[in-house]
Amino acid sequence: MERTCLAVILAAGESTRMKSSMSKVLHPVAGRPMIAHVMDAIVRTGISDVALVVGRNAEEVAAAASVAGASVTPVLQTERLGTGHAVLAAREAIGRGYDDILVAYGDVPLITDAPLRAAREGLAAGNDVVVIGFHTDNPTGYGRLLVADGELIAIREEKDASDAERAVTWCNSGLMAINGRKALDLLGRIGNNNAKGEFYLTDLVEIARSLGGHAVAVDAPEEELTGCNNRAELAAIEKLWQQRRRHELMISGVSMIAPETVFLSHDTVIGQDVLIEPNVVFGPGVTIESGAVIHAFSHIEGAHIATGATVGPFARLRPGAKLAEDSKVGNFCEVKNGDIGRGAKVNHLTYIGDAIIGAGSNIGAGTITCNYDGVNKHLTRIGENSFIGSNSALVAPVSIGDGAYVASGSVITVDVPDEALALGRARQETKPGRAKLIRERALALKAAKKAAKS
Ligand code: UD1
Ligand code: CA
């Protein structure tokens, strides 16, 4: 039978060093609250029951933690008396009876399911406590893992450690799996007789052993266990997240010329044989189908880009931009809530907002869909294979038929039927020789002024 598991996530820290009015675990990595990243790893481990220990912003934190596949119960730790005390804030949930209790922190967003699975496997193998550890060149501040004969015999906090113990470089990540049937008994035995006067969760190792149980440590990459205490660390975590995701995408068949200049969102989906040029930023909600090209310096969010479509350089796609197959949105164009039909081209200096553009249409340089009247937004419809001359303003709501022509520089306020030509501008007047006259007059004026001065 599959073992049952409750995850207890500690997120009651005061986040003082973040210098923020917002709870630390709500700060985003790749556009998503840290806590949601941790929750994803929990869910991928096959755990759905979660007790979330929070100190403030309980509702917001619980909402951010409510990812698909998880059932989250927030519990309040009103006094912050240490990690052991924090886990006991979930006493009621633990008391429901689980095979495994998995303790994780809400501020380690790079964690994956692999070490969490390994920790649970350690319990299944008969240990009462399994600690996730990491090797580091810089152990300062961490609890040290003290081992003998392949077993973990104690975790020593920095402040309580001897010089010899401080020299140990195998450290406690803080993440730990506990035998669920014994957890309440073990946790209840934790005291606070230590340098910090706190209830240390780490004491569980010695407590379990004193009762005849076993404890072990499993190893995980330091990078995955990076915690976040201030905004500089938040930026370092973001960097690691970006590196990891770019690498995954490249391995899956996405080309990036300068990957370190491409910034992804947590949910960016990119198909095979897509080329991403340098300096591209993705906001949330972007999907790109195979074979599309994103040229340099484009900013893309909430957009769908179909096979063979081309974006940029210097394009901005905002939420609701949908580019059909082989369509093109070129330099200095902005598209918001706009469907660009198959093979349609919006190539230069154009704003398309709240518009539907049919297949094969060509939108000339500097075209503006005037979608906003100061109060409401209105729709522009352009049929298939139409041609909008450069520098036209299409004042919505308005529709242009199939195969229609709009003359350059037009202001279009009335619907244009299929196959019609619309001119919405003053007729050109040409006056032969008039330029010469004007110039001569101007030169004469200049000469007269000069003569008056001298
Ligand atoms: C803890 C570990 C240490 C480990 C380190 C890894 C203990 C005693 N020490 O130390 O061995 O190397 O993490 O980062 O467990 N929290 C609460 N309520 C509390 C106290 C803490 O929710 O009362 C939460 C914090 O928000 C944080 C986590 O628990 O997410 C760790 O707490 P922190 O005070 O940072 O522990 P450390 O002293 O760093
Ligand atoms: Ca810490």
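Bear in mind the structure is a predicted one, so any value in this text is a computation, not a measurement. Ligands are counted one by one from 1 in listed order, and the atoms in each one are counted from 1 as well.
Only the side chain of Tyr105 comes within 4.0 Å of ligand 1, judged by heavy-atom distances. With a 4.0 Å cut-off on non-hydrogen atoms, Glu157 touches ligand 1 through its side chain and not its backbone. Within the 4.0 Å heavy-atom criterion, neither part of Cys171 lies near ligand 1. Of all the heavy atoms of Leu81, the ones lying under 4.0 Å from any atom of ligand 1 belong exclusively to the backbone.
Within a 6.0 Å radius of NZ in Lys336, more than 12 heavy atoms belonging to other residues, nucleotides or ligands are found.
Closest heavy-atom contact between Asp219 and Phe134: OD1-CA, 3.7 Å.
In this structure, Leu394 and Ile368 have side chains that are not in contact, with every pair of non-hydrogen atoms separated by 4.5 Å or more.
Distance alone, capped at 3.5 Å, places no donor-acceptor pair between the Ser298 side chain and the Arg316 backbone.
In this structure, His85 does not count as a contact residue of ligand 1, since none of its heavy atoms falls inside 4.0 Å of the ligand. Ligand 1 lies out of reach of Gly106, whose nearest heavy atom is not under 4.0 Å from it. Judged by the shortest distance from any of its heavy atoms, Val53 lies outside the 4.0 Å radius around the atoms of ligand 1.
Under the 3.5 Å distance criterion, with hydrogens and angles disregarded, no donor-acceptor pair is assigned to the side chains of Asn138 and Thr136.
When Arg156, Arg80, Met176, Arg144 are checked for heavy-atom proximity to atom 25 (C) of ligand 1, Arg80 turns out nearest. Nearest to atom 20 (C) of ligand 1 by heavy atom, out of Ser15, Pro139, Gly141, Gly82, is Gly82.
In this pair, Trp170 and His135 present their aromatic rings parallel. The plane angle is below 30°, not in the 30 to 60° band. Ring geometry for Phe297 against Phe314 counts as parallel: the plane angle stays under 30°, on a 0 to 90° scale with 60° as the upper cut.
Per-residue contacts place Asp107 under 4.0 angstrom from the following atoms of ligand 1 (heavy atoms of the residue considered): 30 (O). Each of the atoms 17 (C), 18 (N), 19 (C), 22 (O) of ligand 1 lies under 4.0 Å from some heavy atom of Ala86. Of all atoms in ligand 1, listed by their number and element, those nearer than 4.0 Å to a heavy atom of Gly143 are 3 (C), 4 (C), 11 (O), 12 (O). Atoms of ligand 1 lying under 4.0 Å from at least one heavy atom of Leu10, given by number and element, are 22 (O), 24 (C), 29 (O), 30 (O). Within the listing of ligand 1, atoms 7 (C), 8 (C), 15 (O), 20 (C), 21 (C), 29 (O), 31 (C), 32 (O) sit less than 4.0 angstrom from a heavy atom of Thr83. Ligand 1 places these atoms under 4.0 Å from at least one heavy atom of Tyr200: 8 (C). For ligand 1, the atoms sitting less than 4.0 Å from at least one non-hydrogen atom of Lys196 are 38 (O), numbered in the order shown with element in parentheses.
Backbone and side-chain nitrogen or oxygen atoms of Asn172 are examined, and one is located within less than 3.5 angstrom of a nitrogen or oxygen of ligand 1. For the pair Gly13 and ligand 1, the shortest N or O to N or O distance falls below 3.5 Å.
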Stepwise, does the salt bridge (Lys or Arg N to Asp or Glu O under 4.0 Å) test hold for Glu206 with Arg209?
CA-CA 5 Å; Glu206 283 163 291; Arg209 286 174 58 85; over 6 Å; no
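Rounded to the nearest 0.5 angstrom, His85 NE2 and Arg80 CZ are separated by 11.5 Å. A distance of 5.0 Å separates CD1 of Ile352 from OG1 of Thr369, quoted to the nearest 0.5 Å.
Geometrically, Arg246 engages Phe263 in a cation-pi contact defined by less than 6.0 Å to the ring centre and at most 45° from the axis.
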